[in-house]
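In what follows, a structure is listed as structure tokens, so that the remarks can point back to it.
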Protein chains: 2
Amino acid sequence: MLDKIDRNLLCMLQQDCKQSLQALAEAVNLTSTPCWKRLKRLKNKGYIRGRGALLDNEKLNLGLTSFVLIKTQQYSSEWYRTFVQRIAKIPDVLVFYRISGEYDYFMQLEVAYMKSCDIFNKRLVNGVLGLVDVTSSFAMENKIYHRATRARVKSSPN
Amino acid sequence: MLDKIDRNLLCMLQQDCKQSLQALAEAVNLTSTPCWKRLKRLKNKGYIRGRGALLDNEKLNLGLTSFVLIKTQQYSSEWYRTFVQRIAKIPDVLVFYRISGEYDYFMQLEVAYMKSCDIFNKRLVNGVLGLVDVTSSFAMENKIYHRATRARVKSSPN
DNA sequence: AGTGAAAGAATCACTTA
DNA sequence: TAAGTGATTCTTTCACT
């Protein structure tokens, strides 16, 4: 489905989607039109979900990252839907996954102050949500930044 | 430092950085030149770290997301540097944080098969890295997608 | 996959409030 | 210090080869 050129294009776009068609085309030894056709195809087929700016958390006063693991005893689909709806409304929540294993949900928060995390956690525990166990920790250092939540394109040596 | 217009621009760019200058300008009631100057300033001051395509993991055969928590008993800065260097070379690793609390590191992997996670974990445990405890779980469902690892711009109700 | 032309967008010197 | 006009240059897009 994807040849080497397509993969290269995706990889380049992932790092910088503002590169001109010409620059991209040159990098894969094509002229602009065939390159453009490939990009259009990749978009249409859904390989490219969107193109967004990556902002600086700290500059935006959201320098505190918190990871929250949640255990619950609620397993109805009704409860789950309500839970997700509420979580989705909270802008602090950057990442939300239902996971396998000891805990049921994983979340990543980005906030300005410790207090915000505290308020958030208290809401979860004291609220009507029936959560059994909420454990959180904080990011001290982030060493892999640009890959963050972007699909890797080049294949793994594994 | 940032007025309301700047915040609006950042918010729009975060969702879609391929919008034309004109479209952005209209949305904030400006003409293209002053809008362009603002964007340039936001870029230069570092609010915008980059602009990248958001790719589809599943289409790229990287549909399995794994979360790994690691505990170690190595606390020298020398060991840490080596550890980070090795981790950074593994393309499966999408996210890597040093964290506070019970565990020392948090990682998110994106891979094609369960086997890749297994190989990865075995490497960590059996390797020369001196890891004490490695626990992993898998993503079942991801309900908050586009916000992922992008700084939130609009303020929280908290 | 490539050429070339037409439409569209970004960039900047200069002007205005 | 911030916004606007208009000219120039660069980019995208597409019919045709």
Side-chain angles (χ1 to χ4, degrees), chain A residues 1-62 112 145-146 150-155, chain B residues 1-57 59-61 145-146 149-155:
Chain A
M1 201 76 190
L2 292 184
D3 64 10
K4 213 174 168 183
I5 295 178
D6 288 331
R7 287 184 174 272
N8 263 326
L9 287 173
L10 286 177
C11 194
M12 285 188 286
L13 285 179
Q14 187 175 50
Q15 290 177 275
D16 178 6
C17 67
K18 266 291 177 110
Q19 289 167 94
S20 78
L21 196 56
Q22 274 211 326
L24 292 168
E26 265 173 41
V28 296
N29 289 311
L30 284 175
T31 49
S32 55
T33 302
C35 183
W36 174 74
K37 281 176 190 158
R38 278 169 187 269
L39 295 179
K40 206 177 162 191
R41 199 183 113 258
L42 291 168
K43 185 83 203 291
N44 287 340
K45 298 253 173 182
Y47 288 95
I48 300 168
R49 290 184 67 142
R51 291 139 187 254
L54 185 68
L55 307 180
D56 188 298
N57 295 6
E58 302 204 356
K59 282 236 164 56
L60 291 164
N61 197 25
L62 294 165
Y145 192 93
H146 12 269
R150 304 214 158 142
R152 170 173 53 84
V153 180
K154 298 261 163 122
S155 63
Chain B
M1 201 75 191
L2 294 183
D3 65 10
K4 214 175 167 183
I5 294 178
D6 288 332
R7 287 184 175 270
N8 263 327
L9 287 173
L10 287 175
C11 194
M12 286 188 285
L13 284 178
Q14 187 175 48
Q15 289 175 275
D16 178 5
C17 67
K18 266 292 178 109
Q19 290 166 93
S20 77
L21 197 56
Q22 274 212 327
L24 292 168
E26 265 174 42
V28 295
N29 289 310
L30 284 175
T31 51
S32 55
T33 302
C35 184
W36 174 75
K37 280 176 190 159
R38 276 167 186 271
L39 295 179
K40 206 180 163 190
R41 198 183 114 257
L42 291 168
K43 185 84 201 289
N44 287 341
K45 297 252 172 181
Y47 289 95
I48 299 168
R49 290 185 69 141
R51 292 142 186 253
L54 184 68
L55 308 178
D56 188 298
N57 295 4
K59 284 236 162 58
L60 290 164
N61 198 24
Y145 193 93
H146 355 273
T149 318
R150 303 208 159 147
R152 168 172 56 82
V153 180
K154 299 261 164 123
S155 64

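Chain A is the first sequence line, chain B the second, and so forth, proteins listed ahead of strands; every chain is numbered from 1. In what follows, every heavy atom counts, from backbone to side chain, and hydrogens, waters and symmetry copies are set aside.
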(request) Check for a donor-acceptor pair, side chain of K45(B) on one end and backbone N or O of K59(A) on the other, with a separation under 3.5 Å. (result)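 Judged by distance alone, no pair lies under 3.5 Å.
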
What is the distance, to the nearest angstrom, from the [atom1] atom on [X] to the [atom2] atom on [N]?
| X | N | atom1 | atom2 | value |
| --- | --- | --- | --- | --- |
| Q22(B) | dA10(C) | CD | P | 8 Å |
| L21(A) | dA9(C) | CG | C1' | 14 Å |
| L24(B) | dA9(C) | CG | C1' | 12 Å |
| R38(A) | dG2(C) | CZ | P | 10 Å |
| K18(A) | dA10(C) | NZ | P | 6 Å |
| E26(B) | dA9(C) | CD | C1' | 13 Å |

Check whether any side-chain heavy atom of [X] lies under 4.5 Å from a side-chain heavy atom of [Y], and answer yes or no.
| X | Y | answer |
| --- | --- | --- |
| L21(B) | L39(B) | yes |
| L10(A) | R38(A) | no |
| L24(A) | V28(A) | no |

(message) Would you say that more than 12 heavy atoms from the other residues, nucleotides or ligands in this model lie under 6.0 Å from the CD of Q22(A), or not?
(response)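 Result for CD/Q22(A): open.
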
(message) Which nucleotide wins on minimum distance to the side chain of P34(A), given the candidates dT11(D), dA1(C), dG4(D)?
(response)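 Looking only at heavy atoms from C-beta outward on P34(A), the closest nucleotide is dA1(C).
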
(message) Heavy atoms from C-beta onward define the side chain here; which of dT12(D), dG2(C), dA10(C) lies closest to that of S20(B)?
(response)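 Of all the options, the side chain of S20(B) is nearest to dA10(C).
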
With 3.5 Å as the limit, what N/O pairs link the protein to nucleotides 12-17 of chain C?
unit_1	atom_1	unit_2	atom_2	d
dC12(C)	N4	T33(B)	OG1	2.6

(message) Heavy atoms only, 4.0 Å cut-off, all strands: where does R41(B) land among base, sugar-phosphate and nothing?
(response)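 Nothing, no nucleic acid heavy atom in range.
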
(request) Considering non-hydrogen atoms only, spot the tightest contact between D3(A) and D6(A) and give its length. (result)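 Taking every non-hydrogen atom into account, OD1-N, 2.9 Å.
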
